[in-house]
Amino acid sequence: MNKKVLVVDDEQSIVTLLQYNLQQAGFDVITAMDGESGKNLAITEQPDLMVLDLMLPKMDGIEVCKQLRQERIMLPILMLTAKDDEFDKVLGLELGADDYMTKPFSPREVVARVKAILRRTQILQEAENADQAIGEQMNVSELVIYPDRYEAYFSEERLDLTPKEFELLVYLAKHKGRVLTRDQLLSAVWNYDFAGDTRIVDVHISHLREKIERNTKKPIYIKTIRGLGYKLEEPKVNE
């Protein structure tokens, strides 16, 4: 069965262009031209991925993304923005988008990004559907990670992580105690160059801290190494 992609954009030319190229790549495509319709289709049609424009009538892309995440609808979202504005990109990622692209863009690159995101989420789905054995386990004090199952627990409670947050956490855990630069994390976890847009790493680190730190202003697991990057470490007894 073909994967289903929902394209939400208020420019008919972009919708037509993306629909054609995604269909040529073997995807089933459904479309919407405003945020409210896009959100409703995401709920009723259960697509495998959403390509979501930032600036939309009725409900903008940020609000669509926010409401879907609040309702625990975790389908991957590729955000499109016509603004070459770091704030918009980072805000979209803070609210749960998995990736972003700035207009104008190459349809081929959109298809490549869609395929890359779906490959990552397929691993997660296969692990959950297989109901497989525990397998490899990684422990960092109260944090327990099962890479093969795409599951992580903190203080025995399962963490609700996006695929990208999970990949970042696993990479930090595999290199526990080592300082990792933002550029290293961009290359290892995102697999392509964001042209120095290291704020994306900071956003995802912030998300992880909200889920595993009891006091995000004084983190004891994910430490910031000023001028260098981050490291995940065992909390010290007196912390």
Side-chain angles (χ1 to χ4, degrees), residues 65-66 68-77 90-99 117 119-191 194 197-239:
C65 190
K66 180 179 178 181
L68 289 174
R69 294 315 190 217
Q70 286 175 342
E71 295 183 30
R72 300 296 183 187
I73 296 172
M74 305 305 290
L75 84 159
I77 296 175
V90 170
L91 181 60
L93 291 166
E94 284 177 340
L95 292 172
D98 295 86
D99 202 351
I117 295 169
R119 275 196 299 270
R120 293 195 294 266
T121 55
Q122 186 174 0
I123 294 171
L124 183 154
Q125 292 164 356
E126 287 176 352
E128 290 182 347
N129 293 339
D131 193 25
Q132 56 192 15
I134 288 177
E136 181 187 0
Q137 176 178 327
M138 305 167 76
N139 295 76
V140 185
S141 189
E142 294 178 273
L143 181 64
V144 182
I145 308 166
Y146 302 107
D148 293 341
R149 289 162 46 185
Y150 265 70
E151 292 179 8
Y153 295 81
F154 182 74
S155 192
E156 299 185 352
E157 291 189 13
R158 183 167 178 174
L159 297 174
D160 188 8
L161 302 174
T162 67
K164 191 57 65 182
E165 289 167 3
F166 186 84
E167 289 180 45
L168 177 58
L169 182 61
V170 169
Y171 192 79
L172 288 167
K174 285 182 177 178
H175 299 84
K176 182 174 68 173
R178 287 180 51 188
V179 178
L180 301 168
T181 68
R182 291 173 174 83
D183 287 337
Q184 280 179 297
L185 293 170
L186 279 174
S187 176
V189 178
W190 277 264
N191 299 317
F194 271 95
D197 196 357
T198 54
R199 273 277 288 148
I200 292 160
V201 174
D202 298 337
V203 166
H204 284 77
I205 291 289
S206 176
H207 284 178
L208 287 177
R209 281 175 170 161
E210 288 172 2
K211 295 171 182 179
I212 69 171
E213 301 282 3
R214 290 189 168 86
N215 183 351
T216 57
K217 293 182 179 179
K218 295 181 179 180
I220 61 175
Y221 285 91
I222 302 177
K223 295 290 187 71
T224 299
I225 310 303
R226 191 176 299 277
L228 292 173
Y230 300 99
K231 71 173 176 178
L232 178 69
E233 64 179 16
E234 296 273 357
K236 295 179 175 61
V237 176
N238 61 348
E239 288 185 308

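Nothing fancy with the numbering, it's 1 onward along the sequence.
- Within the 4.5 Å cutoff, the side chain of L169 has heavy atoms near those of the L143 side chain.
- Shown here for F154 and K211, the closest heavy-atom pair between the two residues is CD2-O, 4.2 Å.
- Looking at E142, K231, K176 one by one, the single match for side-chain contact (heavy atoms from CB on, under 4.5 Å) with Y221 turns out to be E142.
- To the nearest 0.5 angstrom, R199 atom CZ is 10.0 Å from R182 atom CZ.
- More than 12 non-hydrogen atoms from other residues, nucleotides or ligands lie less than 6.0 angstrom from CD of E210.
- Between K164 and D99, every side-chain heavy-atom pair lies at or beyond the 4.5 Å cut-off.
- For the atom pair K66 NZ and L68 CG, the distance stands at 12.5 Å (nearest 0.5 Å).
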- [ ] Start with the C-alpha distance between M74 and D160, add both sets of side-chain angles, then the distance that settles side-chain contact (heavy atoms from CB on, under 4.5 Å), and finish with yes or no.
- [x] CA-CA 10 Å; M74 305 305 290; D160 188 8; 4.2 Å; yes
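- Considering NE2 of H207 and OG1 of T162, their distance stands at 8.0 Å, rounded to 0.5 Å.
- Note: I212 CD1 to L159 CG = 7.5 Å, rounded to the nearest 0.5 Å.
- Using a 4.5 Å heavy-atom threshold, the side chains of L208 and L161 count as touching.
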TODO: Could you check L232 against H175 for side-chain contact (heavy atoms from CB on, under 4.5 Å), going step by step and ending with a plain yes or no?
DONE: CA-CA 8 Å; L232 178 69; H175 299 84; over 6 Å; no
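- In this structure, Y146 and Q137 approach most closely via the heavy-atom pair CE2-OE1, 3.4 Å.
- Residues P147 and F166 approach most closely at CA-CZ, 4.0 Å, considering heavy atoms.
- No side-chain donor-acceptor contact under 3.5 Å links E213 to the backbone of K218.
- Separating the CD1 atom in I117 from the CG atom in L75 is a distance of 10.5 Å, to the nearest 0.5 Å.
- Atom CD in E233 sits 7.0 Å away from atom CD1 in I225 (nearest 0.5 Å).
- A heavy-atom distance below 4.5 Å is found between the side chains of D202 and Y230.
- When side chains are defined from C-beta on, P235 does not count as touching R214, because their heavy atoms never get closer than 4.5 Å.
- Looking only at side-chain heavy atoms (C-beta outward), T224 and R209 come within less than 4.5 Å of each other.
- Within a 6.0 Å sphere centred on CD of E156, other residues, nucleotides and ligands contribute 12 heavy atoms or fewer.
- In this structure, G229 and V179 approach most closely via the heavy-atom pair N-CG1, 4.5 Å.
- Considering only heavy atoms from C-beta on, I205 comes within 4.5 Å of L168 through its side chain.
- Of all non-hydrogen atoms in P219 and K223, the two that sit nearest each other are O-CE, 3.1 Å.
- Here the side chain of E151 pairs no donor or acceptor atom with the backbone of R158 at under 3.5 angstrom.
- Salt bridge present: D98 and R69 bring a charged side-chain N and a carboxylate O closer than 4.0 Å.
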